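In this text the structure is predicted, and so the values were computed from the model without any measurement. Quick note: residue numbers are just sequence positions, from 1.
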Amino acid sequence: MNHCTFTGNISRINDLTETANGKKYVKFSIAVDRKMEKGKADFVSMTAFDGRAEFIAKYCKVGTKALAECHYQQSSYPGKDGKTVYTSDFIVDNFEKLSQDNGSEQKDDYGFVNVGADGLNEDGLPFN
């Protein structure tokens, strides 16, 4: 099974980017504390796509505590010098923001954050 779970603080977030075919993505890293070596952390680079990428880019910042469930993926591409470049990536399958950002989020009367559902067509939901 190819499943990894990381909990830590976001240490880097790139801008939301779009591929040539219109797929949105964001690259970021999470600082994960080492259990056996107090005071040390590993910085795990990740890539999120589509809705997850938009959520991370819009609602997270450096220092945000987060949980990311990923799968590990190796790929390659031809480099500028013609040699093959190999990459190792953690692709985000599920993402949860675990901290609030000091009141920068708008909450409703019940304390919930509106994360937006622009373009949601309720006619297609099974319970209507």
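Looking at every heavy atom in both residues, L16 comes nearest to A57 through CB-CB, 4.0 Å. Across every non-hydrogen atom of V26 and N14, the tightest pair is CG2-O, 3.1 Å. Contact between C60 and I10 at its shortest, heavy atoms only, is CB-CD1, 3.7 Å. Residues G63 and N9 come closest through the heavy atom pair O-ND2, 3.6 Å.
Proximity of T64 to K97: side-chain heavy atoms (C-beta onward) are separated by under 4.5 Å at one or more points.
L98 belongs to a hydrophobic cluster with L67, counting contacts under 4.5 Å between side-chain heavy atoms of Ile, Leu, Val, Met, Phe, Trp and Tyr, direct or through other members. Clustering of Ile, Leu, Val, Met, Phe, Trp and Tyr by side-chain heavy atoms under 4.5 Å joins V62 with none of the others. V85 belongs to a hydrophobic cluster with Y77, counting contacts under 4.5 Å between side-chain heavy atoms of Ile, Leu, Val, Met, Phe, Trp and Tyr, direct or through other members.
Evaluation of the side-chain contact (heavy atoms from CB on, under 4.5 Å) rule for E18 yields K24 as partners, not counting sequence neighbours. A search for side-chain contact (heavy atoms from CB on, under 4.5 Å) contacts involving N2 returns H71, Y72, not counting sequence neighbours.
Between atom CZ of residue F55 and atom CD of residue E96 there is a gap of 9.5 Å, rounded to the nearest 0.5 Å.
Side-chain polar atoms of S75 and T87 form a donor-acceptor pair below 3.5 angstrom.
Partner of F6 under the ring pair (Phe, Tyr, Trp, His ring centres under 6.0 Å) criterion, chosen from F95, F90, F28: F90.
Placement of I91 and V32 in two distinct hydrophobic clusters is found when ILVMFWY residues are connected by side-chain heavy-atom separations under 4.5 Å, directly or transitively.
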Checking side-chain hydrogen bond (donor to acceptor under 3.5 Å, both in side chains) for the pair S11/S29: CA distance, chi angles, key distance, verdict? CA-CA 6 Å; S11 58; S29 62; 2.8 Å; yes

Considering only distance and modelled atom types, tabulate donor-acceptor pairs under 3.5 Å from the side chains of residues 39-52, sequence neighbours left out.
unit_1	atom_1	unit_2	atom_2	d
D42	OD1	R34	NE	3.2
D42	OD1	R34	NH2	2.9
D42	OD2	R34	NE	3.2
S45	OG	R12	NH2	3.4
T47	OG1	K27	NZ	3.2
D50	OD2	K23	NZ	3.3
R52	NE	D93	O	2.7
R52	NH2	D93	O	2.6

